[in-house]
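Predicted, not measured: the structure shown is a model, and the values here were computed from it.
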Amino acid sequence: MSDANTTDYSQTLNLPDTPFPMRGNLPQREPGWVQGWQDEDLYQQLRAARQGAPKFVLHDGPPYANGQIHIGHAVNKVLKDMIVKARQLAGFDAQYIPGWDCHGLPIENAIEKLHGRGLSRDEMQAKARAFATEQIAQQMADFKRLGVIGQWDQPYRTMDFKNEAEELRVFKRVMERGFVYRGLKPVYWCFDCGSSLAEFEIEYADKKSDTLDVAFLADDKAKLAAAFGIDAEQLTEAFAVIWTTTAWTIPANQALNANPELVYALVDTPKGQLLLAESLVEKCLERYALEGQVIATATGDQLAGLAFRHPLFDLDAGYRRLSPMMLADYVSADDGTGIVHSAPAYGVDDFNTCIAHGLAYDEILNPVQGNGQYEAELPLFGGLNIWKACPLIIETLKDNGRLLATKAITHSYPHCWRHKTPVIYRAAAQWFVRMDEGVGIFTTDKAPRSLRELALEAIEHTHFYPENGRARLRDMIANRPDWCISRQRSWGVPLPFLLHVDSGEPHPRTPEIIDLAAEVVEAGGVEAWSKLSVADILARIGSQDDATSYSKSTDILEVWFDSGSTHTTVLKGSHAGSAHDQGPEADLYLEGHDQHRGWFHSSLLLGCALYDRAPYKGLLTHGFTVDGQGRKMSKSVGNVVAPQTISTKMGAEIIRLWVAMTDYSGDLGIDDKILARVVDAYRRIRNTLRFLLANISDFDAATDAVPFEQLLEVDRYALSRASAFQADLLAHYQVYEFHPVVAKLQVYCSEDLGAFYLDVLKDRLYTTAPKSLARRSAQTALHQITHAMLRWMAPFLSFTAEEAWAIIGHTPSIFTETYLPLETPNEALIAKWSRVLELRGIVNKAIEERRVAGEVGSSLQANVILTLGAEDLALLQSLGDDLKFVFIVSAIELAAGDEVAVEVKASGAQKCERCWHYRDDVGHDEAHPGICGRCTSNLHGAGETRSVA
């Protein structure tokens, strides 16, 4: 006979037990998991698990191989990883081949900082390749540390020989389709880059400039007077007046432009007669502090061909030239003077107008060199930096009586997005991809429509996440100029042309030369092509041409051509034979929203140039990272958050959860307070998972599982609810939405599980016989919910899911699994228990009021009389004697009434030492005086019977 005073009834309970610790100790343990994934070659195990499955291709937009990763990189890579893992769990063969952008200016700049600017082309290429290799290794380690699973042992790099060679073949194909031409044309030019820039590489920022109103003296007063229908004797000195913000372009002026339909006035002033747009006369005279009177008017078309002297005409013979008046529709009278000065080397409109009016290409003046200095031979300003020359030009114009007004302004101006410095338009012989119809070189298979038309149509067949990206990309394509694809640098894929030294025309056997270049580069990289001389190349193609008649182009393809062509060089080239060989059409491209003008843009143009369609089915964009106040990350502000620091202090899992919790369609805020909330959310999810694992630790599904139809009703409800919940989550995953998944999972853990189901289950799990139907029914449901939950959270809480999987799983990784097939939701059962929960909430509120008043302790001390209407009464009566377990009270009595009413009073019964219920049968057994009848039965008898809960 046992003595009640010496029995420790806690030892008779089925208390939860699990090796899954309460604290994750993520910073210490995550590196071990990363190493384990690598040692076990997890990526290849995942591929084997999906052999033959439908493929999902997320093509990685290559980060630039330069510098440590920042929090923006972490956002990008974690988003990609979550999507790939979610698709993997959905049953797809979702491969992830990470890549790097390796050529181009930033690496050249880094090499020049390390080794100086005097390096030969061969030295630059060798050092750049070595530098990029080092940077990739550093970044790769950081990406792995974030829990990103991919083909790290064979990533793609744009500098891999095969990719460099395939890019040349892509270029040849674009040329064959009629899109490539060479021309002298103003292009964006960055002095810091020392090269042309693409439209993608331009951003706008404020710049301070000086405005100038400059007077151009009429060379023939009689012709000017005739145009206005007046007597030449009415004129003393007559001037056409222009307004500009680019003083540095004045030395290169070669024409003036007027709108043929505008009305122009000849205004008599103390400084001579001024030619101005009639509607701007008053504003201009006020600006010049002059009195004046209009003596005649004429439309712009009457001014065509009039000649005006350069404003520095009298100062140096180098400026003793005339500027003819040319007509142009783009001239407006919105501001300025209604007359535009034209320096055709430094403006697209200027260039096109001058060429259209007969100016020859070799007549275009282009005194600004690639480094931002005027050529030494330029009179008055030779050798000066153009920005520093501006004050001197203004002063010279003033001294020569040609400056009517000047004023400092701040205006929006194009800048290089790498150097954040102002750029200019500068005429240079460049290679272009044509957007509209025109003649290309070496065309053999002309595309059916213009590139602009093909790209605009492709946009309409692309899915956008979010949808507003469609209009953004469409507008950019609709309005962009031809794509300048040549750069004047050393480190990149060559434009393999031999150009005739006299005519500048490419060699007639250029297609063969490109084939040769691809062959040479595939064997030895771009360095191997650099080492070939003109004579070598001609000999290799069997040409008898004189090598001295040709020069070898030293231009390279711009880096956006590199990355923009990876859908072919990688998906059908270096990684053919993988899932990617289904290319070039990927399921998804994912980058920051700035890539509408970058990688998305160049990839679209090249996909359409090659295949008449986009290389992707969908585009997903995310915002930029900012601090908690919405400010950009800045070292000077001190608000930079480094992913390496977070991983070391809190764990990479916290970065992953932060990314998943944040609506990436806008900017992503991060700071210590935000991260503290993320840590709290992680702990709540982890604690729920720990409870689940602890309560199925002695459960073997193979032998202990209860068939669904035999489960207790609340267990069937819990599984129906989990099934409906899973369908909701997977719908979010399908459209790449993560923050609703995390938000709903937190609510599910706290309310569906913590506040109800797990709370209700504790008594059954702890007090019934270990192998009883009641307990095994609960464990069956918990086992399925645990397995389902691990899969729900695995895309973002990958380390934690794998940690738990090591305890309950039977395969090497959670990611070899698929989402758990759950029973179809029983809508009637869910509706029934939804009402039960509403009524339970009403009762809980009443109990809490009594508890606060000190009338009862825990809810188990409460006896409840619940009055209900007929429908609710029947509903709760269907739960039978298990109703008290659902409401977690020791006794509950139902009564019929017109409306819901709750009466709560403290139980007068004794508390069971084992189950803590207050029952009249506590002490019924002299051998066990401290426990109730059901505990006696559960310990020593047949066990209680549960049917519902």
Side-chain angles (χ1 to χ4, degrees), residues 102-105 107-108 111-112 115-132 158-176 180-184 194-196 369-370 428-432 441-442 485-559 561-562 569:
C102 307
H103 297 126
L105 184 70
I107 287 179
E108 284 204 33
I111 298 302
E112 287 178 350
H115 303 285
R117 289 199 165 201
L119 297 178
S120 69
R121 192 178 190 87
D122 289 348
E123 288 176 310
M124 173 60 76
Q125 290 174 339
K127 292 183 183 301
R129 188 176 290 277
F131 180 82
T158 58
M159 69 177 182
D160 290 338
F161 294 176
K162 184 173 180 59
N163 287 335
E164 290 177 333
E166 288 298 326
E167 187 177 336
L168 285 167
R169 295 177 181 120
V170 167
F171 173 70
K172 181 188 176 189
R173 180 61 181 153
V174 175
M175 186 176 71
E176 290 171 345
V180 176
Y181 72 95
R182 186 173 189 248
L184 180 72
S195 178
S196 58
Q369 300 179 109
Q430 301 285 355
W431 291 97
F432 295 89
I441 61 167
F442 301 105
I485 57 171
S486 50
R487 294 292 180 270
Q488 292 67 52
R489 307 300 300 184
S490 300
W491 175 230
V493 175
L495 276 159
F497 289 108
L498 297 185
L499 303 175
H500 197 278
V501 293
D502 295 325
S503 67
E505 293 297 314
H507 194 281
R509 293 173 64 180
T510 290
E512 294 174 65
I513 293 173
I514 298 176
D515 289 339
L516 171 64
E519 178 187 316
V520 169
V521 167
E522 188 161 359
V526 297
E527 299 91 329
W529 177 256
S530 292
K531 292 179 172 65
L532 288 184
S533 67
V534 173
D536 293 332
I537 295 167
L538 292 175
R540 293 278 290 268
I541 65 169
S543 171
Q544 302 301 313
D545 289 317
D546 183 0
T548 61
S549 298
Y550 287 91
S551 64
K552 183 184 177 188
S553 170
T554 57
D555 286 354
I556 63 169
L557 281 161
E558 71 138 341
V559 74
F561 200 101
D562 287 19
T569 61

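- Considering only heavy atoms from C-beta on, W431 comes within 4.5 Å of V180 through its side chain.
- Sequence neighbours left out, not one pair with a member in residues 491-503 passes salt bridge (Lys or Arg N to Asp or Glu O under 4.0 Å).
- Under the rule for a side chain to side chain donor-acceptor pair (under 3.5 Å), Q369 has no partner lying at least two apart in sequence or in another chain.
- Qualifying side-chain contact (heavy atoms from CB on, under 4.5 Å) partners for S120, counting only residues two or more places apart in sequence or in other chains: D122, E123.
- Scored by the salt bridge (charged side-chain N to carboxylate O under 4.0 Å, His left out) test, D515 finds K172 as partners (sequence neighbours excluded).
- R173 contributes atom CZ, which lies 13.0 Å from atom CD1 of I514 (distance to the nearest 0.5 angstrom).
- Evaluation of the side-chain contact (heavy atoms from CB on, under 4.5 Å) rule for A535 yields S533, A547 as partners, not counting sequence neighbours.
- Minimum heavy-atom separation, G183 to F432: O-CE1, 3.4 Å.
- With sequence neighbours excluded, no residue satisfies ring-ring contact (aromatic ring centres under 6.0 Å, His included) with F161.
- Take S490 and apply the side-chain contact (heavy atoms from CB on, under 4.5 Å) test, not counting sequence neighbours, and it matches E108, R121, M124.
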Could you tabulate the donor-acceptor pairs under 3.5 Å formed by side-chain atoms of residues 163-170, not counting sequence neighbours?
residue : atom : partner : partner atom : Å
N163    : OD1  : S574    : OG           : 2.9
N163    : ND2  : R157    : O            : 2.9
E164    : OE1  : R129    : NH2          : 3.4
E164    : OE1  : V526    : N            : 3.1
E164    : OE2  : H103    : NE2          : 2.8
E164    : OE2  : R129    : NH2          : 3.1
E166    : OE2  : R169    : NH1          : 3.0
E167    : OE2  : D562    : N            : 3.4
R169    : NH1  : E522    : OE1          : 3.0
R169    : NH2  : E522    : OE1          : 2.9

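- A donor-acceptor contact shorter than 3.5 Å links the side chain of D546 to the backbone of T548.
- Note: S553 OG to I513 CD1 = 11.0 Å, rounded to the nearest 0.5 Å.
- Between the CD1 atom of I485 and the CG atom of L495 there is a distance of 6.0 Å, given to the nearest 0.5 Å.
- Two residues are said to be in side-chain contact when any heavy atoms from C-beta on lie closer than 4.5 Å; R487 and L105 fail this criterion.
- Contacts of Q488 classified as side-chain contact (heavy atoms from CB on, under 4.5 Å), with partners at least two apart in sequence or in another chain: W189, S195, S196, Q430, S486, D555.
- Considering CG of L498 and CD1 of I537, their distance stands at 5.0 Å, rounded to 0.5 Å.
- Between L499 and G504, the closest heavy-atom pair is CD2-O, 3.7 Å.
- Minimum interatomic distance between K531 and D536 (heavy atoms only, all atoms of both residues): O-OD2, 4.3 Å.
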Under the side chain to side chain contact (heavy atoms under 4.5 Å, CB included) rule, what do L119 and I111 come out as? Steps first, then yes or no, please. CA-CA 9 Å; L119 297 178; I111 298 302; 3.5 Å; yes

Between M175 and Y181, does the side chain to side chain contact (heavy atoms under 4.5 Å, CB included) criterion hold? Intermediate values first, please. CA-CA 8 Å; M175 186 176 71; Y181 72 95; over 6 Å; no

How far apart are the C-alpha atoms of H507 and L538, what are their side-chain angles, what is the distance that settles it, and do they pass the side chain to side chain contact (heavy atoms under 4.5 Å, CB included) test? CA-CA 10 Å; H507 194 281; L538 292 175; 3.6 Å; yes

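- With sequence neighbours excluded, the residues forming a salt bridge (charged side-chain N to carboxylate O under 4.0 Å, His left out) with E512 are R509, listed by chain and number.
- Ring-plane geometry between F497 and F171 is classed as perpendicular, the angle between the planes exceeding 60 degrees on a 0 to 90 degree scale with a lower cut at 30.
- A ring pair (Phe, Tyr, Trp, His ring centres under 6.0 Å) check over residues 511-543, counting only residues at least two apart or in different chains, returns nothing.
- Here the closest heavy-atom approach between residue A132 and residue I107 is recorded as CB-CD1, 3.8 Å.
- H500 is linked by a ring-ring contact (aromatic ring centres under 6.0 Å, His included) to Y550, counting only residues two or more places apart in sequence or in another chain.
- Within the model, atoms CG of L516 and CG of L532 stand 6.5 Å from one another, a figure rounded to the nearest 0.5 Å.
- Closest non-hydrogen pair, R182 versus A429, comes out as NH2-CB, 3.7 Å.
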